[in-house]
Structure formats: structure tokens, C-alpha cells
Amino acid sequence: MKTRLRDLREDNDLTQEQAAIIGCISKKSYERYENGIRDIPLEIVKKYSEFYNVPIDYIAFKTNIKKPYPKK
């Protein structure tokens, strides 16, 4: 997941600090997630999925399609 988080952050011209604020986590925690040092909790992945408007599966490398799932 580290590459996708970094790619999404950079595509949106955000710093690691700004991305950490979006996830309601510390910058250090964000760095660890982005660099693959720690696994990202599902609740955090959900926040980034919603913010970047991509499916969780995209962040988790289960698909290469960025288009979000239709809302029910």
C-alpha cells in the first residue's frame, strides 16, 4: 500500500504532514505507513479512500481502477 498512498498524495500535491492531518494521525505514523514499515489500520485506509475518492481495493493493490464504487 505504500506506493499507492504516496502516489495519491503526490497526485494531489499534498505534503506528508497534510496527508497525516487528513488521516487524523501523526506525521511519523503516516511516514511509516507510506514507507511500508507498518500496516495501515482499515479505519485509516477508509479515510484516505474517501478523501481521494478511490476504492479501498485500489489502495490495497487489489485493482488498478481508481473509479470509486457506486454509492448504495
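Please read these numbers as outputs of a predicted model, since none were measured by experiment.
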Q. Is a side-chain N or O of Glu10 found less than 3.5 angstrom from the main chain of Asp7, in a donor-acceptor match?
A. no
Q: Report the C-alpha separation of Asp39 and Arg32 in whole Å, then their side-chain angles, then the decisive distance to 0.1 Å, and conclude whether the salt bridge (Lys or Arg N to Asp or Glu O under 4.0 Å) test is met.
A: CA-CA 8 Å; Asp39 290 334; Arg32 289 179 179 137; over 6 Å; no
How close do [X] and [Y] get, counting heavy atoms only, and between which atoms?
X     : Y     : result
Arg9  : Ala19 : CD-CB, 3.8 Å
Asp11 : Lys66 : OD2-NZ, 3.4 Å
Pro41 : Tyr33 : CD-OH, 3.5 Å
Arg6  : Asn35 : NH2-OD1, 2.7 Å
Arg4  : Asn64 : NH2-OD1, 2.6 Å
Tyr52 : Leu8  : CE2-O, 3.6 Å

Q) Roughly how far, to the nearest 0.5 Å, is the CD atom of Glu31 from the CG atom of Leu5? A) 13.0 Å
Q: Can you measure from CD (Glu34) to NZ (Lys27) and round to the nearest 0.5 angstrom?
A: 10.0 Å
Q: Pick out which of Ile25, Ile40, Ile22, Ile21 makes a side-chain contact (heavy atoms from CB on, under 4.5 Å) with Tyr30.
A: Ile25
(Q) I want to check something: taking the side chain as every heavy atom from C-beta on, are Arg38 and Ser29 in contact at a cut-off of under 4.5 Å? (A) no
Q. Would you say the side chain of Tyr58 lies within less than 4.5 Å of the side chain of Ser49, judging by non-hydrogen atoms?
A. no
Q. Listed by chain and number, what are the side chain to side chain contact (heavy atoms under 4.5 Å, CB included) partners of Glu50, not counting sequence neighbours?
A. none
Q: Could you list the residues that satisfy side chain to side chain contact (heavy atoms under 4.5 Å, CB included) with Ile65, not counting sequence neighbours?
A: Thr63, Lys67
Q. Heavy-atom count around Glu17 CD within 6.0 Å, excluding the residue itself: above 12?
A. no
